[in-house]
Protein chains: 2
Amino acid sequence: MREPVPLRNIVIEARELFREYGYEGTSMRDLAGRVGLRPQSLYTRIASKEALVSEVLALTLKETLEGLPDPVRNWRAAWRTLIERVAETLEIRGRCVGLHLAYGVTSATPDAQKAVRVFFKSLREAMTRILQVGKITSPAAIAADTLAQLEGATLWIATEGDNRPLKRAVRRALKLADPVPRRPKKSEPLP
Amino acid sequence: MREPVPLRNIVIEARELFREYGYEGTSMRDLAGRVGLRPQSLYTRIASKEALVSEVLALTLKETLEGLPDPVRNWRAAWRTLIERVAETLEIRGRCVGLHLAYGVTSATPDAQKAVRVFFKSLREAMTRILQVGKITSPAAIAADTLAQLEGATLWIATEGDNRPLKRAVRRALKLADPVPRRPKKSEPLP
DNA sequence: GTCTATATTGAGATAGAC
DNA sequence: GTCTATCTCAATATAGAC
């Protein structure tokens, strides 16, 4: 009698593979190998490869949003925590599983496509709500642009291993909730 | 006797497929079908699927940079033209073939990986040179950040069909070469 | 240069024993 | 819940005729 493999482990390893190799580049064989199962045994835990996408993104969304500071009590802390959580993963892993899936899933896998839409919409709405409490102008647009800038910066990590664009994107994002508007220094890129 | 299929056609169709489905999601069968050949016949024109990547990106880089206004004579015109060329493709096609490949190629296809690096490095360096002529501060960082913002904005086109983040990224980019610094309007997002 | 035919490998998924 | 065995299909790629 062996310990059954926790579903959570499968989802976490699937996330690693989706992030690195994308939806098409990920095989159930590789995933099975990572969790120590035969490929066929995966199908007793999940219905299909496509179904893994929503599991992966639901877990990621939960990890990103759970236990955030209450925006109504301290929206700056909520914003800072959220931005730093997103940025930390992008920097450590070098890329975003959501972006890879956003580009990688097609109308051939509609459930996966919908899961990706829900993931980014939820993230953007969470950001928007925080900015609304802070009375930031055009909160929805700022939220979308901020997320786009963080995601876009991973281009340079993926191609050149350069995380400085991401760090600058984080600084611009944090400045939105900076209570003391600083005098811009001459050497500072993209104010 | 049939007209041979021009290599250029094959590369252009491969670009469509790579952009939409990524490297792994693109099959030589689909490509052959698009150009009206049997899959096997492709191999008389190109060495492998991997070799298509550098062809695709070389063509794209050429189209993006050829015939730009001379930065030394008019760097603002050069910048505007370059940004608008990049943005136009992203908006029409909804996504960037370079970004899809940047995320999609792995160390299993080192030549493709190198081609992606060269592509983005060349694009960034062209942008940097223009900004240098314009005496913009930190031109290399600004170039990298600008490209990252344009690429990142495609996230919202891909997931929600919303191109407004891209349009705002374009406006921010163009403002860098704006000769008349305007008084910021209250309703303007991400100044 | 394109075709038919084929080799080889790996993909996602199912059936049934333990 | 996991296994062995198997199905079916599609992937990249090569050989050789025309």
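Lettering of chains follows the sequences in order, A, B, ..., and the numbering in each one begins at 1.
Protein atom CG of L37(A) is 16 Å distant from nucleotide atom P of dA13(C), rounded to whole Å. One can place CD of E50(B) at 14 Å from C1' of dA13(D), the figure rounded to the nearest angstrom. Between the CD atom of Q40(B) and the C1' atom of dT8(C) there is a distance of 14 Å, rounded to whole Å. Put simply, CZ on R38(B) is 14 Å from P on dA10(D), counting in whole angstrom units. For the pair L42(B) CG and dT4(C) P, the computed distance is 14 Å after rounding to whole Å. When rounded to the nearest whole Å, the span between OH of Y43(A) and P of dT4(D) equals 17 Å. Across the protein-nucleic acid pair, L31(B) atom CG and dA10(D) atom P stand 17 Å apart, rounded to whole Å. Y21(B) has its OH atom 16 Å from the C1' atom of dA10(D), to the nearest Å.
Side-chain N/O atoms of R29(B) and base N/O atoms of dA11(D) include a donor-acceptor pair closer than 3.5 Å.
Taking side-chain N and O atoms only, S41(B) has no distance below 4.0 Å to OP1 or OP2 of dG1(C).
S27(A) comes within 4.0 angstrom of the backbone, heavy atoms only, and of no base. Counting non-hydrogen atoms under 4.0 angstrom, R45(A) reaches the backbone sugars and phosphates but no base.
With respect to R93(B) and E20(B), no salt bridge is recorded, no charged nitrogen being found less than 4.0 Å from a carboxylate O.
Taking for each of Y23(B) and P39(A) the nucleotide of DNA chain D with the nearest heavy atom, the 5'-most of the two is the partner of P39(A). Comparing P6(B) and M28(A) against DNA chain C, the residue whose closest nucleotide sits nearer the 5' end is P6(B).
Closest to the T44(A) side chain, of the nucleotides dC3(C), dT12(D), dT2(D), is dT2(D). Between dA13(C), dT12(D), dT2(D), one nucleotide has an atom nearer to the side chain of S48(A) than all others, and that is dA13(C).
If you run side chain to side chain contact (heavy atoms under 4.5 Å, CB included) between R15(A) and each of L59(A), L57(A), L101(A), only L59(A) comes through.
For the pair R80(A) and W75(A), the NZ or CZ position fails the cation-pi test of under 6.0 Å to the six-membered ring centre and within 45 degrees of the ring normal.
Residue R164(B) holds its CZ atom at 11.5 Å from CD1 of I157(B), rounded to the nearest 0.5 Å. With values rounded to the nearest 0.5 angstrom, C96(B) atom SG is found 12.5 Å from Y103(B) atom OH.
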